[in-house]
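The chains referred to below are lettered A, B, ... by the order of the sequence lines, with proteins before strands, and numbering in each begins at 1.
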2 protein chains.
Amino acid sequence: MTTERPYHHGDLRRAVLDAAVEAITEHGPAGVGLRDLARRVGVSHAGPVHHFKDKAGLLTALAAEGFTLLADALDQTVAAGGDIVDLGVAYVRFAVEHRAHFEVMFRPDLHRPGDPALTEARDRAGAALAGGVADRPDPELASVAAWSLVHGFATLWNTGALSRTDRDPEAMVRAFAGSMFLT
Amino acid sequence: MTTERPYHHGDLRRAVLDAAVEAITEHGPAGVGLRDLARRVGVSHAGPVHHFKDKAGLLTALAAEGFTLLADALDQTVAAGGDIVDLGVAYVRFAVEHRAHFEVMFRPDLHRPGDPALTEARDRAGAALAGGVADRPDPELASVAAWSLVHGFATLWNTGALSRTDRDPEAMVRAFAGSMFLT
DNA sequence: GGGCAATCTTTTCACTGTCAAGTTCGTGTT
DNA sequence: AACACGAACTTGACAGTGAAAAGATTGCCC
């Protein structure tokens, strides 16, 4: 009574990426395996290889997708007239809602080094962030400071290091980012 | 012409931890394996197991050691009369100099959950950090903000995301942390 | 000196990533 | 409409990994 699945999956690449997101949110990036993903999707153990070549290839694709999603979210908030604080809140919201993507994005030891799609997506997100502080003295320093603040909060929050508070993460970001970056 | 090494290593636990630090600084936490470490130290592949039980046990021990080292460094700077900015600089310096420890410390998916030695060491470091902002309105928020700022900078720096700048990392921290936390 | 427990080794097992070779299928060509 | 071509997937194999069990070696304490 096997389920008679067709030989061609249809959109295996998408399905594997989604399964990877699911697996990572459950067990972290270390607990994800190609064979396990293949099983979840209902495909032979070497099926994903054809789309990603490598485990590193899969995670690189995931990271690139993550940076693209992030860049979209940031672009959208500036298009809606948001200021720096709104940008920071959007950053944190992305990290919390797309925890799996976010965790992979900043682990270069899991990536295929120098992947063009990844570097392009990352640059897009970086530009969107830097645009929020372009009108300051020493904008480079300001952009690094702003990025550090929200990135640190996001990673600390996601790793559970801030678990003692029961406050709302976005409200916290809005509070201290506002007091630090709005003169 | 085998090297006639004695049956008992002497201090295998220490040696494995050191080898792990070396391996992680080279290939990242994903690229470290128990068998590989055993080889580096010159011991049978199951030797380390007796000291750490698990791969998770090894990494948990490393993380605990890291938090202890960090707490020591922070305590030392307050003992030397340092202010918040000095604390932040010490944090970043630790992350850069003990990159391997630092990378493992904030990856709870690699830890044995609820390990007492780890949680105690982490609390010690947390207390040392929070002590720097105890005299502010809403000290909890201030401590989270300060921690986020330096932690974010440290991780971004270590992952190479800030590679475009050739400035000195400590000087950068001192610059923006000063402008943000000294009234 | 004798025994005991800690330390390390050997063997084995299930599992993983990767490669090479085959099989099935959509798609465009004529 | 038949066909061939290439993309998508499967099958089978291999080396390497983490973990567990059982055996060998040694320092140490009475």
Determine the contact category for [X]: base if any of its heavy atoms lies under 4.0 Å from a base atom, sugar-phosphate if only primed atoms, P, OP1 or OP2 are that close, otherwise nothing.
X: A/Arg13; answer: nothing
X: A/His45; answer: base
X: B/Asp36; answer: nothing

### Task
Let me know, please, whether A/Gly47 or A/Arg35 comes out on the 5' side of the other along DNA chain D by nearest nucleotide.
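Nearest nucleotide further toward 5': that of A/Gly47.
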Looking only at the side chain of [X] (C-beta and beyond, no hydrogens), which of the listed nucleotides [options] gets closest?
X: B/Ala46; options: D/dA7, D/dT10, D/dA20; value: D/dA20
X: A/Leu34; options: C/dT16, C/dT9, C/dG17; value: C/dG17
X: A/Lys55; options: D/dT10, C/dT10, C/dT18; value: C/dT18
X: B/Asp54; options: C/dC8, C/dT18, D/dA19; value: D/dA19

#### Entry: Between B/His101 and B/Phe106, ring centroids under 6.0 Å
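For B/His101 and B/Phe106, the ring centres are not under 6.0 Å apart.
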### Message
Can you confirm if the aromatic rings of A/Tyr91 and A/Phe153 lie within a centre distance of less than 6.0 Å?
### Response
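No, too far apart.
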In whole angstroms, how far is the [atom2] atom of [N] from the [atom1] atom of [X]?
X: B/Leu37; N: D/dA19; atom1: CG; atom2: P; answer: 12 Å
X: A/Asp11; N: D/dA7; atom1: CG; atom2: P; answer: 17 Å
X: A/His50; N: D/dA8; atom1: NE2; atom2: C1'; answer: 6 Å
X: B/Lys53; N: C/dT7; atom1: NZ; atom2: C1'; answer: 13 Å
X: A/Leu12; N: C/dG26; atom1: CG; atom2: P; answer: 15 Å
X: A/Phe52; N: C/dT18; atom1: CZ; atom2: P; answer: 13 Å
X: A/Leu59; N: C/dG17; atom1: CG; atom2: C1'; answer: 12 Å

Using distance only, find each side-chain donor-acceptor pair of residues 67-86 of chain A under 3.5 Å and give its atom names and separation, not counting sequence neighbours.
| from | atom 1 | to | atom 2 | distance (Å) |
| --- | --- | --- | --- | --- |
| A/Thr68 | OG1 | A/Ala64 | O | 3.0 |
| A/Asp72 | OD1 | A/Arg124 | NH1 | 3.4 |
| A/Asp72 | OD1 | A/Arg124 | NH2 | 2.7 |
| A/Asp75 | OD2 | A/Arg124 | NH2 | 3.1 |
| A/Thr77 | OG1 | A/Leu74 | O | 3.1 |
| A/Asp83 | OD1 | A/Asp86 | N | 3.1 |
| A/Asp86 | OD1 | A/Arg174 | NH1 | 3.1 |
| A/Asp86 | OD1 | A/Arg174 | NH2 | 3.4 |
| A/Asp86 | OD2 | A/Asp83 | N | 3.0 |

### N or O in side chain of B/His51 less than 4.0 angstrom from C/dA6 OP1/OP2
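Negative; the distance criterion is not met.
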#### Entry: B/Arg39 vs D/dT17: side-chain N/O to OP1/OP2 distance below 4.0 Å
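Answer is yes, contact under 4.0 Å.
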#### Entry: Other residues, nucleotides, ligands: >12 heavy atoms within 6.0 Å of A/Glu26 CD
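Counting other residues, nucleotides and ligands, CD of A/Glu26 exceeds 12 neighbours.
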#### Entry: Residue pairs fulfilling ring pair (Phe, Tyr, Trp, His ring centres under 6.0 Å) with at least one residue in residues 11-55 of chain B, sequence neighbours excluded
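Passing the test, one end in residues 11-55 of chain B: no pairs.
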